[in-house]
Amino acid sequence: MTDLVVTLLAAVSFGIIAHAVRVPPLVGFLAAGFVLGAAGVAPFSGLPELADLGVTLLLFTIGLKFDIRTMLRPEAYGTALIHMVLSVLVGAGTVGLFVVVGGASAEGGWQTLALVGFALSFSSTVLCVKVLEERSDDGSLYGQTAIAILVIQDLAAVVFITASNGSPPSPWAFALVLLVPAAWVLRKILEHVGRGELLILFGVALALGPGYYLFDSVGIKGDLGALVVGLLFASHPRAVVLAKSLFGVKELFLVGFFLMIGMQADPTWSDLGLAVLLVALLVPITIAGFGLLGRIFGLRNRTAMRLALVLGNFSEFSIIVSAVGVSSGLLTERWLTIVAIAVAVSMVTSTLLNARGPHLAGRLAARLPEQDSRRIRPADRPIDTSHSDLVILGMGRVGRATYRRLRETGGHRVLGVDNDHAVVTRLREEGYDVVEGDATDLDFWQRITAGGFVETVILAMPIHDSNVFALEELRAAGFTGRVAAVAQHQDQVQHLQDEGVEAVFNLYAGAGFALADLVAPQHEK
């Protein structure tokens with residue numbers, strides 16, 4: 001119990017410190033893990049299992065929100081495969097250089113170099129998806145492309161781990177195809193589960209039962225099973241609701257994952273120095289590689305750089321692959337420690353970079369050559385808003401209600417904008433005039449200004465920071481029209497007003513006023 005209390009207090013304390021200095025809390029959780037490990041505090045009983053559960057639920061929720069067709073796009077599979085090959089070569093060469101100068105040893109020769117390079121070719125699924133979710137970008141073009149690349153990388157890792165174990169999956173693995181008809185039955189049950197704790201329990205049972213357990217029992221990594229089951233439910237009308245209900249549980253268990261990374265490391269100063277050097281040399285190359293490949297495959301400079309920044313880190317699979325190398329005699333325990341530290345340091349570095357991802361992506365994109373718009377993929381081309389005089393950014397429940405009301409009152413040419421491809425597709429089928437766009441895309445706002453027709457922009461995104469950033473982009477693009485916004489808390493209302501927003505609606509206070517207005521006339525009678 002003492003280890004449990006100490007671990008929780010450390011996680012909370014470092015998480016609060018990270019929040020206070022305006023970096024994501026997971027940086028604090030990683031730091032807490034390193035401090036606890038250095039202090040000799042062992043993971044309390046059950047922490048590894050909770051951490052594994054967090055990763056399983058994360059992959060399950062990825063599947064619920066992922067369009068598998070994204071994997072068939074050239075910018076996904078082409079970037080993933082070419083980048084992995086180049087990363088192995090560059091990583092092996094870098095490690096070989098360390099061996100030549102005497103900073104490391106490679107008992108297995110070129111196989112050791114290749115294995116370390118392969119281990120460091122993966123980007124962290126856990127970290128990338130958390131960054132995307134925190135910015136509500138997991139449904140955007142670059143977000144879906146990043147997830148597709150991560151899935152392809154994870155499949156490569158699973159194939160390697162399975163082949164290295166020396167035993168193929170059980171013949172019963174072919175029976176997993178029965179999950180397709182079974183999913184039909186479970187989808188029907190999901191329609192009648194309701195909400196609250198029962199929906200959460202149902203989601204956890206899906207991820208662990210037909211997901212993790214069935215795949216693990218036939219010799220396939222269970223986490224992959226959770227992802228597959230999530231994909232089978234992705235088209236269900238309640239998939240998004242299910243993913244949101246699991247969000248808090250998943251986030252809590254993932255704290256254990258980040259703590260475990262730090263607590264399992266026992267480095268020497270030499271190990272730490274070598275790991276930092278690997279990060280300093282390879283992460284910039286990783287980012288540059290993803291950015292250039294994204295551009296080659298038709299993504300705009302800004303989209304390619306946002307993709308590159310979110311993927312610019314090492315993966316938890318790097319540790320697993322290295323552990324397999326140790327068990328097969330190709331790597332020493334020291335290399336496992338070095339890779340584990342490099343993974344943690346890269347996560348901290350990536351988190352700090354992505355905290356200012358939109359701004360940094362814009363500056364990096366500006367350094368790249370201009371692109372021929374005809375070679376840019378249609379889904380990533382700038383949006384023409386010249387046919388509209390009012391734009392609603394964010395087509396969630398508030399945005400949709402605002403859209404309908406403005407269309408009913410007449411006299412407005414309203415255009416809805418959302419960065420979630422699935423949302424845009426569904427709303428178009430329902431008759432909305434809506435396009436897929438990115439609030440952090442300077443080209444989009446410049447197009448609004450250049451068109452000269454848009455008079456009002458309504459910022460209806462659910463995340464306050466996204467609305468603030470969009471406002472900054474509007475000002476930078478020279479927009480002089482009227483801006484309105486929504487907020488959930490009074491301090492956010494004041495912040496937007498201080499920034500010059502003419503009309504700010506407090507969602508919670510406004511709902512109360514509207515309810516009072518409905519009740520008051522009846523009460524007077």
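Throughout, numbering of the chain's residues begins at 1 and tracks the sequence. It should be emphasised that the depicted structure is a prediction, and the values quoted were computed from it without experimental measurement.
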Kindly compute the distance separating CZ (R302) from CZ (R363), expressed to the nearest 0.5 Å.
-> 10.5 Å
Side-chain heavy-atom pair V468, E472 within 4.5 angstrom cut-off | yes
How close do A119 and S322 get, heavy atom to heavy atom, and via which atoms?
-> CB-OG, 3.7 Å
When rounded to the nearest 0.5 Å, the distance separating OG1 of T337 from CG of L274 is 11.5 Å
Should F98 and I338 be marked as a side-chain contact (heavy atoms from CB on, under 4.5 Å) after you check the CA-CA gap, both sets of side-chain angles, and the distance that decides it?
-> CA-CA 13 Å; F98 290 161; I338 292 171; over 6 Å; no
L471 and N467: side-chain contact (heavy atoms from CB on, under 4.5 Å), yes or no, with the steps?
-> CA-CA 6 Å; L471 178 63; N467 287 327; over 6 Å; no
Qualifying residue, where the test is side-chain contact (heavy atoms from CB on, under 4.5 Å) with F44 and the options are V6, V5, L259, T7 | T7
Is any side-chain heavy atom of F233 less than 4.5 Å from a side-chain heavy atom of L206?
-> yes
Test side-chain contact (heavy atoms from CB on, under 4.5 Å), reference I287, set L309, L307, L311, output is L309
Rounded distance [0.5 Å steps], OG1 in T112 versus CH2 in W335 | 9.0 Å
Reported CG-to-CG distance for the pair L53 and L254, which is rounded to 0.5 angstrom = 9.0 Å
Starting at CZ of F60, measure out to OH of Y212 and round the result to the nearest 0.5 Å.
-> 15.5 Å
Donor-acceptor list for residues 341-350 side chains, cut-off 3.5 Å, not counting sequence neighbours:
residue	atom	partner	partner atom	Å
S346	OG	F314	N	3.0
S346	OG	A342	O	3.3
S346	OG	V343	O	2.8
T349	OG1	V345	O	2.9
S350	OG	N313	ND2	3.1
S350	OG	N354	ND2	3.2

Taking all non-hydrogen atoms of both residues, which atom of L115 and which atom of G325 are closest, and how far apart?
-> CD2-CA, 3.4 Å
Heavy-atom side-chain proximity of F215 to L179 below 4.5 angstrom = yes
With distance as the sole test, does S121 use its side chain to make a donor-acceptor pair with the main-chain N or O of F118 at under 3.5 Å?
-> yes
With sequence neighbours left out, write down each residue that passes ring-ring contact (aromatic ring centres under 6.0 Å, His included) with F14, or none if nothing qualifies.
-> none
For residues 75-82, dump all side-chain donor-acceptor pairs below 3.5 Å to protein atoms at least two apart in sequence or in another chain.
residue	atom	partner	partner atom	Å
E75	OE1	R377	NE	2.9
E75	OE2	R377	NE	3.3
T79	OG1	E75	O	2.8

In this structure, OG1 of T56 is separated from NZ of K250 (nearest 0.5 Å) by 12.5 Å
Is any side-chain heavy atom of D154 closer than 4.5 Å to a side-chain heavy atom of T125?
-> yes
T61 versus L58, closest heavy-atom pair with distance = OG1-O, 2.8 Å
Closest non-hydrogen atom pair, L132 against A146 = CD1-CB, 4.5 Å
Return the minimal non-hydrogen interatomic distance between A51 and G256, and the atom names on each side.
-> CB-C, 3.6 Å
Nearest heavy atoms of D271 and R334, plus distance in Å = OD1-NE, 2.6 Å
Worked check of side-chain contact (heavy atoms from CB on, under 4.5 Å) between L141 and R73 = CA-CA 11 Å; L141 175 63; R73 298 174 183 170; 3.7 Å; yes
Under 4.5 Å between any side-chain heavy atoms of L224 and L227, yes or no?
-> yes
Tell me, do L360 and M305 make a side-chain contact under 4.5 Å, heavy atoms counted?
-> no
Side-chain donor/acceptor of S13 to backbone N/O of A10, under 3.5 Å = no
